[in-house]
Amino acid sequence: MSATYFPQIWQTIQQIPLGKVASYGQIADLAGLPGRARLVGKALGVAPESLELPWQRVLRSNLTLAFAEGSPQALLQRSLLLSEGVVFQGKKVAPAMRWHPDLAELLYALKY
DNA sequence: ACTATGACTGATT
DNA sequence: TAATCAGCCATAG
């Protein structure tokens with residue numbers, strides 16, 4: 001019972017639709033791991049690149065990027081999001097871009 | 001066993 | 001709006 005959680009987290013992140021964003025805590029909740037937002041960050045950090053996770057769609061609960069402003073990673077994330085149509089309001093992503101998953105559909109998708 | 005450390009949060013000030 | 005604080009909990013050393 002430890003890194004066993006990672007696949008579940010990765011799968012949940014895969015469900016984030018193009019042009020939408022979710023917070024670390026939200027992913028943790030959806031993955032059945034309430035209160036483990038930090039674990040989500042960890043899981044992303046160690047995720048195999050072959051999974052091609054939409055990591056850029058995961059940000060803080062206040063809709064800001066988790067990486068330091070101006071850092072290479074933050075710049076990349078920002079451009080990736082912009083390229084898929086995500087709208088920014090200053091440093092934050094527009095609230096309307098948040099992902100509101102249908103629980104039934106999500107659980108169905110995660111069965112596989 | 002203990003401490004430090006996060007791609008975090010929510011409440012409080 | 002912004003800074004602080006206290007929880008959070010799996011990992012690493």
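The structure displayed is predicted, hence computed values, not measured ones. Just so we're on the same page: letters track the sequence lines, and every chain starts at 1.
For the OP1/OP2 pair of B/dC8 and a distance below 4.0 Å, the side-chain nitrogens and oxygens of A/Ser61 include no atom meeting the criterion. Using a 4.0 Å cut-off, no side-chain N or O of A/Arg38 falls inside it from OP1 or OP2 of C/dC9.
At whole-Å resolution of the value, CG in A/Leu59 and P in B/dC8 are 11 Å apart. Summarising the geometry, the separation between CG on A/Leu39 and P on B/dC8 is reported as 12 Å, rounded to the nearest angstrom. To the nearest angstrom, C1' of B/dA7 lies 12 Å from CD1 of A/Ile9. Rounded to an integer number of Å, the gap from CZ of A/Arg60 to P of C/dA2 is 13 Å. One can place CD of A/Gln8 at 15 Å from P of C/dA10, the figure rounded to the nearest angstrom. For the pair A/Asn62 CG and B/dT9 C1', the computed distance is 9 Å after rounding to whole Å. Rounded to whole angstrom, the span from the OH atom of A/Tyr5 across to the C1' atom of B/dG6 amounts to 18 Å. In this structure, A/Lys42 places its NZ atom 9 Å from P of B/dG6, rounding to the nearest Å.
Here, B/dA7 and C/dG7 have their P atoms 22 Å apart, quoted to the whole Å. Between B/dA1 and C/dG13, the two C1' atoms lie 13 Å apart (nearest whole Å).
Taking the side chain as every heavy atom from C-beta outward, A/Leu30 and A/Leu103 approach each other to under 4.5 Å. Side-chain contact between A/Arg98 and A/Ser23 is present, with heavy atoms from C-beta onward closer than 4.5 Å. For the pair A/Leu33 and A/Val40, the minimum side-chain heavy-atom distance is 4.5 Å or more. A heavy-atom distance below 4.5 Å is found between the side chains of A/Leu18 and A/Arg57. Side-chain contact between A/Trp10 and A/Val46 is present, with heavy atoms from C-beta onward closer than 4.5 Å.
Contacts between residues 18-36 of chain A and DNA chain C, defined by a heavy-atom separation under 4.0 Å, are made by A/Gly35, A/Arg36. At a non-hydrogen distance threshold of 4.0 Å, A/Ala66, A/Phe67 from residues 63-96 of chain A come into contact with DNA chain B.
Smallest separation of non-hydrogen atoms from A/Gly19 and A/Glu84: N-OE2, 3.4 Å.
Within the model, atoms CZ of A/Arg78 and CD of A/Gln56 stand 14.5 Å from one another, a figure rounded to the nearest 0.5 Å. Between the CD1 atom of A/Ile13 and the OH atom of A/Tyr24 there is a distance of 8.5 Å, given to the nearest 0.5 Å.
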Determine whether A/Leu65 and A/Leu81 satisfy the following criterion, side chain to side chain contact (heavy atoms under 4.5 Å, CB included), listing intermediate values before the conclusion. CA-CA 11 Å; A/Leu65 303 190; A/Leu81 289 173; 4.1 Å; yes

